[in-house]
Structures are given as structure tokens and as C-alpha cells.
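Throughout, protein chains are lettered first and strands after them, A, B, ... in sequence-line order, and every chain is numbered starting at 1.
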Protein chains: 2
Amino acid sequence: MRRGIEFKKKARIIIVDDNYEHLSGIKELIEIESDFDVVATATSASVAISLIKKYRPEIVLMDINMPEKDGLTAIAEIEKLDLGVRIIALTGYDDPDLIFRAMKIGAKGYILKTMASAQLIYAIDEVAAGKIYLPATLSSRFFEYFQQSFKEETENVEDEENLLNYLTQREEEVLDLLTQGITYKGVAQKLFISETTVKTHVNNIFQKLQVNDRTQAVLYALNNGFLNRRKVKIAI
Amino acid sequence: MRRGIEFKKKARIIIVDDNYEHLSGIKELIEIESDFDVVATATSASVAISLIKKYRPEIVLMDINMPEKDGLTAIAEIEKLDLGVRIIALTGYDDPDLIFRAMKIGAKGYILKTMASAQLIYAIDEVAAGKIYLPATLSSRFFEYFQQSFKEETENVEDEENLLNYLTQREEEVLDLLTQGITYKGVAQKLFISETTVKTHVNNIFQKLQVNDRTQAVLYALNNGFLNRRKVKIAI
DNA sequence: CCTTTTCTAGACCATGTGGTCTAAATCTTT
DNA sequence: AAAGATTTAGACCACATGGTCTAGAAAAGG
């Protein structure tokens, strides 16, 4: 926050909100309370995207709760344009799933409409400075959601009923090669065993995983965290 | 931070660090500067795990950079025990990948050894209160890493060179069924077309994806976001 | 030491799969 | 209307794959 020391060009902003009241409210607030330059506003995502292409602002304040084309898809599209626009997501309430998805697709900040005006300005300031802004309460919620989503992923992997647990070491090696789309012959060469041995292993794998062909075996392996296990062992 | 108002049991802590100097330094600091109760310390992850099982502390301070069994796998194991222990990761430098992985497997806080002692106490306080603690600089790095990892995921999907883009509608339908491990006959029945037609489609798919068999086709599809496309369209 | 599991490997057969070619009907697109 | 792409479908063949059974060597566990 070395404001005033370095040369600071006024950040140019576009505000998007389908509610005109909110839109003009935020616009006024920014124009009065800060020295940012609101170059345009839009009440729909599609209009917003054209405006962004035209004006190339540094910052976009994007309301997430909009009918028609919603804010999240709009963010995704803008990010895809790769214009270096930094997007701040705006919303009325703090749904952790919304925050997660917004951050996932590239939002650089997330603020609630209920927040104090000073904090809004501060958030824009931070994001304009290349940082990422999340209010403390939201970042906590974000992390909880983040951890939860990964916990669910790994829970399945460690599940008792994961048929992959019944595979022997050698069978795992064979399955590993199968999940790379390698044929009997290829597996035999890689493991220095005969082709018929590979077939035996593969058949045992099928029985243990209760499937009928390689594709299903590979799919079972992939869906039940087969690749993750070695990652867990080698490097988490 | 309503300290003193509510009834507050002294949080019990176990500290893990292979460097004995650091270990006793942190222990002393906590004992002098706070009212937490350091019930045990350990210089190795395996010892730490036994101690945790025995003492059931509320908080564990875990050094990530340890030889032998490293801190990350230790965290994963402790989380798997599901004892309600809240783990704070400790490290000397702020490697975004390390932070990401620690948070991913369930760390509730992340602090640098170089941080001021008051901040360490504050961090423990927060985590003990059920919150998640990340210093502002680290949370920024975390988010950048987080977004980067998802960006790479989606970049592939939208890539020009994604051979999936060359598939026709019908071919996509067929491939979709292949990724469910369905055979020629099954696909034919589901799509109400002849089995030989399915074979024609499948062969065209192979050529377009430059693969030789179904397994490879399925793997290509999965690795290049085939399933995501419909998700992207429906709900991001 | 003995038992059990795992890994190895062969035979045999039925069928699924992949490669190639041809070709008609049906869209699209210009 | 003509040209091109897509979808449909057949024939034919080589070979990879899957199912089942037997069986010895090696390793693991009690």
C-alpha cells in the first residue's frame, strides 16, 4: 500500500449488475469515494462482454446473481478472452459454493454487497495492485469448502469397499499399464513376463474388480483413485 | 476474539519438529507468551502420531520439512484417524505448492517460522477457535496456485489442438458410451443403429484421436476434458 | 515346516475388436 | 441444384481379447 509513492494510473472499471439501483449505487460510491474511473456499466453479462472488449478496463465488478447469462459463465468467458482484466465477484450472500466456483474460474476478489463502502474501495485497490482480495470470513468459508471437496475425493479412495484393495502388487502393476492403454504384448515386455502370464493377471483383475473388459477395469481404476494411491505414496 | 467472556479451556498442543532447537524454542515461546498447554513434543512424525493417539490434543503444530516420514504424509495420516485434531503446518519458507498440498489434505492453518511470536499465538488462537488461519501473503499465494492449477485443467479442454473438437455429434455420442465401458452391441442398442455402424463410428473416432484401441480413446477423452464439456455447458 | 498366496505359464476356444473398402441415404452448405 | 459432410450399413479378414482350466515355482505367513 505504497499509494502515492509510485506512479499510479487511475484504474479503469466496468461494473455489471442487473439491478439498476445497485449498479448506480456502486458507481456513485466509487466515483465519490475513490479515484477510480468507472468507464462503463452494464445490466447484462452479454453487454458487459462487448464493453470489456471495447474499453479494456483493468477491473470488472461482476454481480454473480443475474438471470439469463449468469455471472459465473460470464467470468469464465471473460477469462477466456485473456485480456488481463481482473474480475471481482459481487454477491448478496456468502454461499461457499459460489465463492469456490468464482475463484476457481479466475475471480481475483470476492465481496459482499453488504460490506462497508470503505472495504469495497480497499478491495478494488488490492486487486488493482495485483493482489487477491477475500474478506476474512469468506476466505475461511472458502477453505472449508475447498478442504471438504478434497476430503470427499480421498474418502472414496480409502474406502473399505474399494475393490482395488484386493489387488496384489503385481496386479496393480499390470493395471497401471492397462490404464495407459498398453496391450498384452506391451505389458509383457515392460514387466519381462510372458504374454499368457499377463492374461492371467488381467483375468484375475477382472474378477476382483467385477468387470468384463479392460475398458471397464480402467474406468473402475480411474474412478476409484487408482492413480492417486501412488501419488499418495510418493508425494501426496 | 471474545476471550475471557466465554468459558475457555486451555487448548492442548503437541509440537512436531525434527530440529530440536526450533522445537524447544517454539515450546518455550508458547508456554511463556500464551496460556496453551504443550502436552508433548516430538522430533519425528511417527512418534508424533503415537503421542497424538495417546494425548488427543486439540492442536498439532507440524513441521513440514522433515526427513524420513515427511510432514505432509504425517498430516494425511493424522487426518485419517479423524480425532478432531486441528493441524497447523509449520515451515521455513512459503512454497505455494507446499501450502496448497497442506491445505488440501486438511491443515487448518499455515505459518512461517519466521513470523513474529505474537502472530504465532494469534494463529493458534484462531485455529483453536475453529477458524482457519493463513497469513495474508500466504493466502494470496495459495489462491494464485489454486487458480493456476484449475486454469491448466480448463486450458486443455478449450485448446485448439484438442482432437475431440474434430468429432461429429454422433461420434461424440458413441465415444460417450465407450467411456462408460459399453461394447459395440450395447452402443448399437442404445443408439438404435446397427453394430457395424457403431464400428464405423468407432474407427473414425480412432483415426481422429490418433489412437489404436478403445482404452486409449477413453483415456484420451478423459484426459482432455470430454466429460467436462457437458458439465461446462450445464453448470461450469 | 507346512499352508496359503502370489506369480508364473501353457493350452484351447469363442468372440470381441480393429483395419480397410465400398456405398447408399440424409443432412448441410453454398 | 451441386458439392461436401455426416450417418448409416454391409463384407472380409487378422488378430487381440476374454473365459476356463491346469500347474509348477517362488514367496509369504503362520
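Two residues are said to be in side-chain contact when any heavy atoms from C-beta on lie closer than 4.5 Å; A:Leu72 and A:Ile64 meet this criterion.
Distance CD1 (A:Ile205) to P (D:dG18): 11 Å, rounded to an integer number of Å.
One end of the helix from C:dC1-D:dG30 to C:dT30-D:dA1 points its axis 70° away from the other end's axis, with each axis taken from 5 pairs and the angle rounded to 10°.
One finds the CD1 atom of B:Ile26 at 10.5 Å from the OG1 atom of B:Thr41 (value rounded to the nearest 0.5 Å). Rounded to the nearest 0.5 angstrom, B:Ile205 CD1 and B:Leu163 CG are separated by 12.5 Å. Here the straight-line distance linking atom CE of B:Met103 with atom CZ of B:Phe146 works out to 12.0 Å at 0.5 Å rounding.
With A:Tyr184 as the aromatic partner, A:Arg214 meets the cation-pi criteria of under 6.0 angstrom to the ring centre and within 45 degrees of the ring axis.
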Requested in this report: May I have the step-by-step check of ring pair (Phe, Tyr, Trp, His ring centres under 6.0 Å) for B:Tyr110 and B:Phe142, ending in yes or no?
Outcome: CA-CA 11 Å; B:Tyr110 198 103; B:Phe142 173 85; 9.4 Å; no
Query - Footprint string (nucleotides 2-8 of chain C, 5' to 3'): B base within contact, S backbone only, - free, heavy atoms under 4.0 Å - result: ----SSB
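Ion pairing between a basic and an acidic side chain is recognised when a charged N comes within 4.0 Å of a carboxylate O; A:Glu58 and A:Arg86 show no such pairing. Remark: A:Glu173 engages A:Arg170 in a salt bridge, criterion side-chain N to carboxylate O under 4.0 Å. Taking the charged nitrogens against the carboxylate oxygens, B:Lys27 and B:Glu31 do have a contact shorter than 4.0 Å, which makes a salt bridge.
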Could you go over nucleotides 17-19 of chain C and give all protein N or O partners under 3.5 Å, atom names and distances?
residue, atom, partner, partner atom, Å
C:dT17, OP2, B:Tyr184, N, 3.4
C:dG18, OP1, B:Arg214, N, 2.8
C:dG18, OP2, B:Tyr184, OH, 3.2
C:dG18, OP2, B:Arg214, NH1, 3.1
C:dG18, O3', B:Asn212, O, 3.3
C:dG18, O6, B:Lys199, NZ, 2.8
C:dG19, OP2, B:Asn203, OD1, 3.2

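Contact between B:Leu178 and A:Thr215 at its shortest, heavy atoms only, is O-CG2, 3.7 Å.
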